[in-house]
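Quick notes on the structure that follows.
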Amino acid sequence: MTAPTGEAKIELRGLKKSFGAKTVLDGIDLSVGAGESVVIIGGSGTGKSVTLKCILGLLWPDAGSVLIDGIDVTALSGRAREAHTAKIGMLFQGSALFDSLTVWENVAFALKTRSGVSNREARNIALGKLAQVGLGSDVAALSPAELSGGMQKRVALARAIATDPEIVFFDEPTTGLDPIMGDIINRLIVDCVRQLGATAVSITHDMASARRIADRIAMLHEGRIVWDGPAGDIDSSGNDFVDQFVHGRAEGPIEMAVRG
Amino acid sequence: MNFLAPIGRVFIAFLVATGRLVAFAAVSVSHCVRPPFYGRSIGRQMIQIGYFSLPVVGLTAIFTGMVLALQSYTGFARLNAESAIATVVVLSMTRELGPVLAGLMVAGRVGAAIAAEVGTMRVTEQIDALATLSTNPYKYLIVPRLIAGVATLPILVLVADIIGVFGGYAVSVHSLDFNAANYLKLTWEFLQPLDVITGLVKAAVFGFLITLMGCYHGFHSRGGAQGVGAAATNAVVSSSVLILASNYMLTTAFFGA
């Protein structure tokens with residue numbers, strides 16, 4: 001699914017971020033082609049979420065650049081930056097639905113911020129997106145708190161794709177779901193991304209999810225990309241870090257920080 | 001010289017926190033005057049902060065007015081100056097007790113609620129989600145609360161003033177055998193518009209401080225349920241202290257030292 005032009009949709013160059021004395025990102029270089037689905041794998045606390053937040057502009061990197069469509073968004077500020085991040089839809093780990101709003105208002109949230117979209121139109125689009133993730137109009141008027149975790153995830157997915165974004169981020173899409181619901185969400189992600197023709201970046205430590213979603217997999221360890229290759233090569237990477245992670249072994253080059 | 005280090009650390013931490021708060025306030029206020037505006041959110045917050053605080057503010061005011069009349073009677077009766085009670089009640093209520101007590105009650109009720117709500121939105125990534133949905137969190141969350149606080153606190157204090165004076169009147173007429181018409185005449189006689197206006201200006205400042213501290217602590221909360229709880233506590237404590245401190249400074253500014 002690599003774009004015919006071969007031009008990178010998102011490019012990270014030497015991205016660095018520290019919190020106090022703790023270095024989380026130590027020079028990330030990653031390029032994601034248009035229409036490509038890249039999954040970043042790695043253990044907890046290796047900086048996967050921080051990477052996404054730097055691209056989204058929720059965190060400012062200490063050094064390095066984030067290029068979206070060839071433009072360095074870290075050099076932009078205010079409105080110009082917002083215009084670029086508007087291209088990105090995001091599915092949050094905990095769904096992050098607004099509990100003060102109904103399901104359909106959540107999905108239609110970004111549509112309503114755009115001028116020229118009437119309430120009725122926004123609602124119709126929202127219902128269409130909900131149908132796309134397998135939810136009927138009967139849940140539209142419910143509050144998110146009344147839904148199960150899997151259904152909340154679906155609503156969050158519908159919200160992430162509501163504005164037909166060019167780029168979609170998935171933060172641990174299957175965490176906290178049972179394996180069956182996890183697979184349903186994975187399949188919905190693949191379908192939605194394909195339908196949009198969007199570029200997708202996911203972060204996960206769930207290998208089943210990574211195998212299903214990814215065209216390409218990148219492994220993050222101690223703030224650096226230690227391996228990057230086609231999803232099919234993940235079992236024959238020849239990389240000790242990747243092997244240890246894929247097989248979930250306690251022994252290997254990755255030493256988990258275990259506090260007694 | 002090692003014993004100086006902890007003092008310095010605390011002082012630097014204080015300066016850092018103050019700087020962050022001022023920066024947060026500056027950004028929030030700058031968003032108050034730039035579109036887009038969320039009119040519906042402002043309306044909803046006015047009802048939350050203003051309308052639903054009426055009972056607690058009203059109760060506080062009436063008991064304060066009643067006790068003021070009783071206590072000042074005890075004092076003034078010894079000097080045969082009972083006629084001063086009406087003036088004491090109305091001036092104390094409008095200048096000081098109305099704004100300060102309403103402010104403190106609203107700080108407890110609203111400051112904690114704002115910090116808890118915004119803090120929960122922070123720890124469940126709802127604030128990050130807003131940003132990814134082309135919505136500025138300051139404009140959508142902070143600005144409506146600040147505007148509602150500044151707009152409704154003066155109204156609440158005006159209501160508190162009236163109810164407080166009525167409390168004093170009721171006690172004076174029914175328990176202390178004052179003549180009703182005379183009490184009202186004495187109430188009006190020495191009351192000047194400035195007494196009420198300065199109280200309302202104080203109220204607006206307190207409204208800003210309460211909502212600002214609620215939003216600030218909520219916005220910067222971290223670490224799940226415990227963090228949200230700490231944010232709520234900090235919001236109430238800091239806004240209460242700021243109300244009392246700024247009340248002194250405002251009184252000095254209005255009426256001289």
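Keep in mind the model is a prediction, meaning the values are calculated, not measured. Chain naming here is simple, since letters A, B, ... match the order of the sequence lines and numbering starts at 1 in each. We use all heavy atoms of the structure for the numbers below, so side chains are in, but hydrogens, waters and symmetry mates are not.
Once rounded to the nearest 0.5 Å, the distance linking CG of B/Leu133 with CZ of A/Arg159 reads 5.0 Å. Between the CG atom in A/Leu52 and the CG atom in B/Asp128 there is a gap of 11.0 Å [rounded to 0.5 Å]. Taking OG1 of B/Thr132 as the reference point, atom CZ of A/Phe169 lies at 10.5 Å (rounded to 0.5 Å). A distance of 10.5 Å separates CG in A/Leu58 from CG in B/Leu130, rounded to the nearest 0.5 Å.
When all heavy atoms of B/Ala129 and A/Phe92 are compared, the pair lying nearest together is CA-CE1, 3.3 Å.
Enclosure of atom CZ in B/Phe14 is not indicated, since only 12 or fewer non-hydrogen atoms of other residues, nucleotides or ligands lie within 6.0 angstrom.
Between chain B and the options A/Thr85, A/Thr163, A/Leu97, the largest number of non-hydrogen pairs under 4.5 Å is found for A/Leu97.
With a 4.5 Å cut-off on non-hydrogen atoms, A/Asp99 touches chain B through its backbone and its side chain both. Looking at A/Leu56, only its side chain comes within 4.5 Å of chain B, counting heavy atoms on both sides.
In this pair, B/Tyr140 and A/Phe109 present their aromatic rings perpendicular. The plane angle is above 60°, beyond the 30 to 60° band.
Taking 4.5 Å as the heavy-atom cut-off, the residues of residues 93-127 of chain B that approach chain A are B/Met121, B/Thr124, B/Glu125, B/Gln126, ordered by number. Residues of residues 27-64 of chain B that come closer than 4.5 Å to chain A, counting heavy atoms only, are B/Pro35, ordered by residue number. Proximity to chain A among residues 207-240 of chain B is not found for any residue, judged by heavy-atom separations below 4.5 angstrom.
Annotation: side chain to side chain donor-acceptor pair (under 3.5 Å) contacts of A/Thr175 (sequence neighbours excluded): A/Glu172.
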